[in-house]
Student: 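Below is a structure I'd like to ask you about.
Start at 1 and go down the list; that is how both ligands and their atoms are numbered.
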Amino acid sequence: MELDAHTTEFLRRLEESGRTPLHESTPEQARARNAALTALLGEGPRMATVRDTHIDVQGGSIAVRILRPVTDPAGVIVYYHGGGWVIGDLDGFDTLARQVAARTGCTVVLVDYRLAPEYPYPIPVEDSWAALLWVERHRDVLAVDRAPLIVMGDSAGGNLAAVITQRARDRGGPHINHQVLIYPITDADFDRASYTAAANQLMVDRAAMAWFFDHYTGDRQVRVDPAVSPLRAQDFSGLPSATVLLASHDPLHDEGRAYAAALAAAGVAVRIKTADGQMHGFFHMVGLLPGAQRGLAFVTEQIAGVVSARSAVDAVVIGAGFSGLYMLERLLDLGLRVRVVESNDDVGGTWYRNRYPGARCDVESVYYSYGFDAELEQEWTWTERYASQPEIHAYLRHVADRFALRGHITFGTTVTAATWDEPSGEWIVHCDSGEVIRCTRLISAAGCLSAARIPDLPGLDDFEGDVVHTAAWPAEDLALSGRRVGVIGTGSTGIQIIPQLAARAERVTVFQRTPHFSAPAGNRPLAADEIARVKREYRAIRAKCRVNPAGTELTKSDTTAAALSPAEHARLLGQKWEAGGPGIIAVFADVLLDRRANHVVASYFRQRIAETVTDTAVAALLTPSGYPIGTKRICVDTGYYETYNRDNVELVSVRDTPIERVTASAVVVDGVDYPVDALVFATGFDAITGPLNRIDIRGRAGSALRDEWAGGPRAYLGVGVAGFPNFFMITGPGSPSVLVNMVTAIEHHVEFIADIVKYQRDKGFRTIEPTTGAQDAWVERVDAAANLTLYPQAASWYMGANIPGKPRTFMPFVGGMGVFREICDGVVADEYRGFIADFEQPEEGETTDATA
Ligand code: NAP
């Protein structure tokens, strides 16, 4: 692994500035240079309070800086800075300490132990120990009464952290919950391979390390004492769990690894990571070296895992799919303590569960991906025009790891209920695991299409074969070879899976209620030059996605069908059909507004079906009628209609004669038994409101969201509900959501919610929620906009028509992404017009970001 490019550039500039090697400098010169570096580090996140104080130590006093995050501290971290025991001070580590405090929600106590050579070994050790004891004695003042105690340090500070941790064990306390060692000095052996490797002689080299040791303790006998070389301890058992972060280009790499191995061999839980391409010292250069941010993310994720055992947090996010992951990242950035609760055992949401054969997105991969991080989009390369489910899932796993999010997620757990508790101003969240979590904000990232539904077919329980919903596809896949498979449902999912099943199963019987309109997907591998172009222009592409109606780079046609001749209709439709994808629905400006324009497009599709399917009776059954094209979501396929030309595929219409019942081995329609060994339900979802209604959510005065929505969903901007304080939904009802590129819609809502949370916090508002008036007006507007279109004319899941008893109301906002964003921007510009907030009293004596 090469040295990181940013580091190389940093070192080049350092060289240019004509620096003297450390070992040829005096300690004063080294400290002066260090102060110059500090000036480059920038400011860290805002803290609730920052206070410097002095504590008594043997023979004098030392300073400690207490950095308290904006949320109630979840733990306390005693931080020992690096600098070879010779250099380093509070200001030099202030930025880093703020970052650690913000990302972990812990108070950080930075220790200004006295430095060698003026104060050689054992003084830094004794000062560090005194600081630890002081923290333990002042837990009440620090507001960390029973919170976890963590010691942390980098380089020489890592050495002190390791030494102190051993001492705390040997002396029976204080009880340390976790140790974080960043490229720690663990041994006075200068001859390990990483010490001598030429590639590692960078900002801190072998000569510099010798210089540090010479100042710390000249006595070679002392150097092998475990209080100087903790790796030489006799016993590593009984030490607290550890996080060890090393740098690949570091003389100290091998001894750090050896220390982690010694801990692990003694049964201590250790998480170790080597930061590739990084040099010794990278970690505290946050703001200067991007690698430091990644190191920080890894470390803080581990710490968050240690402190998350506490049950009260600032926010609970339900779901770890596209929306939950990004919401988590934004809230962590704000310094909130967050718990994400996810039913599955991995991240991904929809893209984890829908792992049926052929599952693929119908929005192009370069749009259907996060735009919030310029580096992320450069480092990830999509392989196909439309990404497959495994690729999207891999992408989301990458995002979770890259931003170190997993430590904040509780997997395999489902939120069953959440109740607003007025006296405490908290949501009380109940999980199926029995855990109860209290939080000040509840955020649904439960998705629009996550409440899968299997229709209530008589006799289904008697069926002896496999029953599988496509949104709960077995991880080990479904055995298909040599089997007869029945498929119920011919929406987007059915249309994707049927060709795959036909290719693998002995026989496929499709039970179709409503034929859907489907265009060829036109999927293909992405060429290297296309990828290069996209990567070059990604920022501009994302900017277009944000304002265009569909949330992609593509704009709608501005020509109506009426303005064009039949020959031009045919030409344009032919072009779009050949290009592939759902964009064909936007071929004319008025396809979803004007019956005649709609008829032109629908007729074209019908003609293509007739041309493709050889059996005319089957073609007739597959031909959609009775609803305007596009009012049920347009499907895209790869060889769907061709599949019906195969001998092993049979189409059974259940439109006029619904499925009568299921027997042990067959589906019965109109008195005829269709024998099957497995039944695949591609029967869709209780969309948009379903995932929320499955949870018993109760707002003010115990009112249930389900009841509030009994006549159809009522929400303001799809994000909040009157009477449900501090409750936010990502892409809830009344937002563009499923009508546009979901990822664009998600990013917009996540950012809107993060901003409102920040606004609430900055203003000191205890609660915030929509007013009933603003909500009513918005619901009316969503309804009126839908009624201008043809959408309400179909019995679609957009209308709730696929769920028996569900109120018929068009749930998404049809105005498009750009218009919706403008509306939301206006709401923000008017200080959150339509929201009502409630003040909280600041705690007495609380100051804001005051450095005393
Ligand atoms: P869907 O569009 O709701 O389709 C469900 C199918 O099941 C329909 O054909 C429906 O018929 C049928 N059905 C339901 N109950 C039935 C019953 N009792 N008897 C017979 N048939 C019954 O669900 P989906 O296909 O899973 O797609 C849902 C949405 O997910 C899509 O619209 C899309 O937004 C998204 N999706 C996207 C992709 C992609 O990106 N390519 C792939 C899959 C899904 P009726 O039409 O008569 O109700």
Side-chain angles (χ1 to χ4, degrees), residues 349-351 353-365 367-368 384-389 392 447-458 460 469-473 486-498 500 509-523 580-582 585 622 624-627 630-638 640 651-662 667-669 679-688 690 731 737-743 745 794-804 806 811-812:
T350 288
W351 293 107
R353 283 185 294 266
N354 284 271
R355 49 191 167 204
Y356 59 85
R360 189 179 288 286
C361 188
D362 61 4
V363 177
E364 295 189 39
S365 51
Y367 310 133
Y368 197 83
E384 293 179 272
R385 181 179 178 199
Y386 296 102
S388 65
Q389 176 273 331
I392 299 176
C448 291
L449 294 164
S450 55
R453 135 177 203 279
I454 289 187
D456 202 6
L457 298 178
L460 185 57
H469 192 287
T470 44
W473 200 258
V487 185
I488 301 172
T490 52
S492 300
T493 304
I495 281 178
Q496 284 188 329
I497 197 174
I498 288 164
Q500 301 279 330
T509 308
V510 178
F511 300 92
Q512 172 193 267
R513 189 162 68 186
T514 310
H516 284 60
F517 289 95
S518 183
N523 187 38
I585 206 65
L622 286 168
S625 63
Y627 64 94
T631 54
K632 275 175 172 264
R633 173 144 168 145
I634 192 89
C635 303
V636 298
D637 71 271
T638 304
Y640 177 64
L651 180 64
V652 178
S653 176
V654 297
R655 176 185 256 186
D656 302 323
T657 48
I659 294 171
E660 247 170 70
R661 67 196 145 87
V662 179
V667 175
V668 186
V669 179
L679 258 181
V680 171
F681 284 88
T683 42
F685 305 86
D686 182 354
I688 302 180
T731 64
S737 67
V738 291
L739 297 183
V740 305
N741 174 5
M742 275 304 294
V743 183
S796 67
W797 59 258
Y798 297 140
M799 294 287 296
N802 62 330
I803 305 294
K806 189 165 173 173
M811 291 183 283

Student: Hey, looking at atom 28 (C) of ligand 1, which of Tyr798, Phe511, Tyr627, Trp797 has the closest heavy atom?
Tutor: Trp797

Student: Relative to atom 8 (C) of ligand 1, which among Gln496, His516, His469 owns the nearest non-hydrogen atom?
Tutor: His516

Student: Among Val510, Ile454, Thr490, which one has a heavy atom closest to atom 9 (O) of ligand 1?
Tutor: Thr490

Student: Give me the nearest non-hydrogen protein atom to atom 33 (C) of ligand 1 as residue plus atom name, then the distance to 0.1 Å.
Tutor: Arg633 NE, 3.6 Å

Student: Look at atom 40 (O) of ligand 1 and say which protein heavy atom is nearest, naming residue and atom and giving the distance to 0.1 Å.
Tutor: Asp362 N, 2.9 Å

Student: Checking the N or O distance criterion of under 3.5 Å, is ligand 1 in contact with Tyr356?
Tutor: no

Student: As an exercise, identify every atom of ligand 1 less than 4.0 angstrom from a heavy atom of Arg453.
Tutor: 14 (C), 15 (N)

Student: In terms of residue, atom name and distance, what is the protein heavy atom nearest to atom 12 (C) of ligand 1?
Tutor: Gly489 CA, 3.6 Å

Student: Nearest protein heavy atom to atom 23 (O) of ligand 1, by residue and atom, and its distance?
Tutor: Gly684 CA, 3.2 Å

Student: Check Gln389 against ligand 1 and report side chain, backbone, both or neither, counting heavy atoms closer than 4.0 Å.
Tutor: neither

Student: To the closest 0.5 Å, what do you measure between OG1 (Thr514) and OH (Tyr627)?
Tutor: 6.5 Å

Student: Are Trp473 and Arg353 side-chain neighbours, meaning at least one heavy-atom pair lies under 4.5 Å?
Tutor: no

Student: Tell me, please, which residues at least two apart from Arg360 pass salt bridge (Lys or Arg N to Asp or Glu O under 4.0 Å).
Tutor: Glu384

Student: Which of the numbered atoms in ligand 1 are under 4.0 angstrom from any heavy atom belonging to Thr514?
Tutor: 45 (P), 46 (O), 47 (O)

Student: Atom 39 (C) of ligand 1: which protein heavy atom is closest, and how many Å away?
Tutor: Arg360 O, 3.2 Å

Student: Under 3.5 Å, is there a donor on one side chain and an acceptor on the other for Gln496 and Tyr356?
Tutor: yes

Student: I'd like to check Leu679 versus Leu460 (side-chain heavy atoms, cut-off strictly below 4.5 Å). Are they in contact?
Tutor: yes

Student: Name the option, out of Arg655, Lys632, Arg513, that contains the heavy atom nearest to atom 16 (C) of ligand 1.
Tutor: Arg513

Student: Examine ligand 1 and decide if any of its atoms is less than 4.0 Å from a heavy atom belonging to Ile488.
Tutor: yes

Student: For atom 4 (O) of ligand 1, what's the nearest protein heavy-atom neighbour? Residue, atom name and distance, please.
Tutor: Gly491 CA, 3.7 Å

Student: Answer yes or no: is there a donor N or O on one side and an acceptor on the other, between the side chain of Asp686 and the main chain of Ala451, under 3.5 Å?
Tutor: no

Student: Using salt bridge (Lys or Arg N to Asp or Glu O under 4.0 Å) as the criterion, list what pairs up with Arg453, not counting sequence neighbours.
Tutor: none

Student: Side-chain contact test, heavy atoms from C-beta onward, threshold under 4.5 Å: evaluate it for Tyr386 versus Val636 and give yes or no.
Tutor: no

Student: So which heavy atom in the protein is nearest atom 43 (C) of ligand 1, and how far is it from that ligand atom?
Tutor: Thr493 OG1, 3.2 Å

Student: Do me a favour and list the nearest non-hydrogen protein atom to atom 37 (C) of ligand 1 with residue, atom name and distance?
Tutor: Ser492 CB, 3.9 Å

Student: Mind checking the OG1-CG spacing from Thr490 to Asp637? Nearest 0.5 Å is all I need.
Tutor: 12.0 Å

Student: Applying a 4.0 Å heavy-atom criterion (strictly less than), which segment of Leu449 is in contact with ligand 1: side chain, backbone, both, or neither?
Tutor: side chain

Student: Name the one of Val667, Val668, Leu457 that satisfies side chain to side chain contact (heavy atoms under 4.5 Å, CB included) with Arg661?
Tutor: Val668

Student: Only heavy atoms count here, so choose which of Ala682, Ala794, Ala359 is nearest to atom 5 (C) of ligand 1.
Tutor: Ala682

Student: If you define the side chain from C-beta out and look only at heavy atoms, does anything of Val743 sit under 4.5 Å from Val363?
Tutor: no

Student: Do Lys632 and Phe517 come within less than 4.5 Å of each other through their side chains, counting heavy atoms only?
Tutor: no

